Amino acid sequence: MIKFVNVSKTYANGVQALKDVNLEIQDGEFVGIIGLSGAGKSTLLRSINKMISITAGELFIDEVEISSIKGKELRMLRRNIGMIFQSFNLVKRMSVFNNVLTGRVAYHPTLKTVLGLFPKMDKLMALNALDTMGILDKAFTRADQLSGGQQQRVALARALTQNPKVILADEPVASLDPITTVQVMDDFARINKDFGITIVANMHHVDLAIKYATRIIGIQDGRVVYDGPSRQIDDKTLVQIYGRSLKHDEVLGES
Amino acid sequence: MTRAEETLRKKPKKWLINLVFIVAIIAALAISFSGSRINWTRFETIGISLRIMFTGLADFKFNFLFGTDPYHFEEGVVYMTLVTLAIAFIGTFIGAVLAIPFGFLASVNVVGKKIARIGEAILVIIRVFPEIVLALILVKGFGMNALTGVLTIGIHSIGMLGKLFAEAIDNMDKSPLEALDAVGANSWQKIRYGIIPQVAADISSITLYRLDINVRSATVLGIVGAGGLGASLILSAENWNWDILGTILLAIIVMVLAVDAVSSYLRGKLL
Ligand SMILES: Nc1ncnc2c1ncn2[C@@H]1O[C@H](COP(=O)(O)OP(=O)(O)OP(=O)(O)O)[C@@H](O)[C@H]1O
Ligand SMILES: [Mg+2]
């Protein structure tokens, strides 16, 4: 469970990106976060694995308050949380297999991992994750030889290999074409259903968010202005989130 | 007046600045020549010297080349060439290994701006120290032998290699480091899985390029006694042994061309 209690974030330059956020995300949920550019979506998402530190309030992951943890404890927190990025963030000159295997580094002593000595179990986990994502045949090719959609699947396999309870995704399909987008979103849905992994995803495409997420959190200027089931989203709530009504093509993400 | 004409009129007048530069350069040349006391009479005999030199150079001494009777193998050019190559190779290797930590130390990506500036300063100090001066100092400590050559090349290479390594590290894609942070990796793991795979090819390529340079250096360093071909080169030149000098020159040309070709080929394969 992820719980925000009166969370605020003020960046060093004075920008207040989160304002008194209160949220509770239960295990197994698929949450879509929507809002205008600059609303604070990435800040919200990245505070969950402390890639960004909040400046006020409390943030609990499974009852543990994380704003004071650091060092080894922080790394132990992060290894249970997968993260997906808009630009995949793979090491392009490294094989797909090794990229996926990096999901295991926080489970072993530094020396062993630096020498590349992963247990057979881990290697099988990595390959199984690639199989789950349908790209097992690409295991030993270099990551830069894959298409964008395939690279995002490698990133998902890396996250799965962490054996996470939660996967955070910061605009996971923003650099993919419409058809690949649907395939990758289907992958998220499958991971959510089959493994019960909580998914929290920032999305620019409102229709995608509504279609895949079961719950939508709408953010405007650092505040949560909508929080409810995705099927209850209507034009009025979109006005609330985006400040004006969206045209048909904007909802479809074709703007 | 059209706008084009008006703009043309406003064209900056560079000719005055150019004139000042030309005059300054001519003056500097004149001062240099008068100060250097070049012995112009030497030009009258240079034709004779060159003729002796070239006929001698064309006259290879095969027993000197391979170190057969009356020479020992260790006096032969083939052996000395191998020594020169070995000095360059080991020196480059030591330099590259030592340059890696210096490269990290001078990389903003790894240690941040402040420490990187210190790392960079150390590398600059190593770089500005002329190689031949370093050799002259090390000869006093380690004697006239190959070890001196290896150390000179090793230490001197750190300066340029470290800087280029740091550049490679700073130019790489930083996004995998973010992903590694997110999986809970520590700094060593980030270096191993985020940085090394990205820069290994660049580092190898830069090192091969440096090997190329160091083979030439190793030859010249022999002149100050740091082992290898250079010692015989300077000795034979001083004694007007043109046939021996010619044989050595042949060996140097073959060696430099061969290393150049191999290193270019390998670098092509890497990228
Ligand atoms: N590192 C930072 N330092 C200072 N201000 C920041 C930083 N990161 C983000 N901000 C500011 O915080 C606010 C929220 O940014 P955030 O990246 O969370 O928005 P977002 O909703 O993810 O936007 P987008 O849809 O464009 O990704 C913005 O005003 C942004 O300029
Ligand atoms: Mg964002």
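These numbers were taken from a predicted model, which means no experiment stands behind them. Here is the naming used below: chain letters follow the sequence lines, and residue numbers restart at 1 for every chain.
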### Task
Kindly say whether B/Ser217 contributes a backbone atom to a donor-acceptor pair with the side chain of B/Asn214 at under 3.5 angstrom?
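Looks like no, no N/O pair under 3.5 Å.
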### Query
Ignoring hydrogens and geometry, is there a side-chain-to-backbone donor-acceptor pair from B/Ser107 to B/Val110 under 3.5 Å?
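Side chain of B/Ser107 to backbone of B/Val110: a pair is present.
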### Query
Do B/Ile169 and B/Phe104 come within less than 4.5 Å of each other through their side chains, counting heavy atoms only?
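In contact.
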### Query
When you check the side-chain N and O atoms of A/Ser67 and A/Glu65, is any donor under 3.5 Å from an acceptor?
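Yes, A/Glu65 and A/Ser67 have a side-chain donor paired with an acceptor closer than 3.5 Å.
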#### Entry: A/Thr113 and A/Tyr107 side chains, donor-acceptor separation under 3.5 Å
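There is no such pair (donor and acceptor under 3.5 Å, judged by atom type) between the side chains of A/Tyr107 and A/Thr113.
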### Task
Output every pair passing ring pair (Phe, Tyr, Trp, His ring centres under 6.0 Å) with a member in residues 130-166 of chain A, not counting sequence neighbours, ordered by first then second residue.
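Qualifying pairs: A/Phe97-A/Phe140.
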### Task
Could you tell me which residues in residues 85-96 of chain A have at least one non-hydrogen atom under 4.5 Å from a non-hydrogen atom of chain B, sorted by residue number?
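Only A/Phe85, A/Asn89, A/Leu90, A/Val91, A/Lys92, A/Arg93, A/Met94 of residues 85-96 of chain A have a heavy atom under 4.5 Å from chain B.
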### Query
What residues of residues 149-169 of chain A sit under 4.5 Å from chain B when only non-hydrogen atoms are counted?
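A/Arg158, A/Gln162 fall under the 4.5 Å cut-off.
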### Query
Side chain, backbone, both or neither: which part of B/Asp173 has an atom under 4.5 Å from a heavy atom of chain A?
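It is the side chain, since no backbone atom gets that close.
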### Query
Between atom CE of A/Met125 and atom OG1 of A/Thr132, what is the distance when rounded to the nearest 0.5 Å?
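Answer rounded to 0.5 Å: 10.5 Å.
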### Message
For A/Arg190, is the CZ atom crowded, meaning more than 12 foreign heavy atoms sit under 6.0 Å from it?
### Response
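Counting neighbours around CZ of A/Arg190, more than 12 heavy atoms of other residues, nucleotides or ligands fall under 6.0 Å, so yes.
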### Query
Got a sec, which pairs hit side-chain hydrogen bond (donor to acceptor under 3.5 Å, both in side chains) with one end in residues 117-131 of chain A, sequence neighbours left out?
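Pairs touching residues 117-131 of chain A that pass the test: A/Arg104-A/Asp122, A/His108-A/Asp122.
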### Top of B/Ala182, B/Pro197, B/Ala200 for chain A proximity - count of heavy-atom pairs under 4.5 angstrom
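The option with the most such pairs is B/Ala182.
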### Query
Can a salt bridge be assigned to the pair B/Arg267 and B/Asp202 using a cut-off of 4.0 Å between side-chain N and carboxylate O?
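No.
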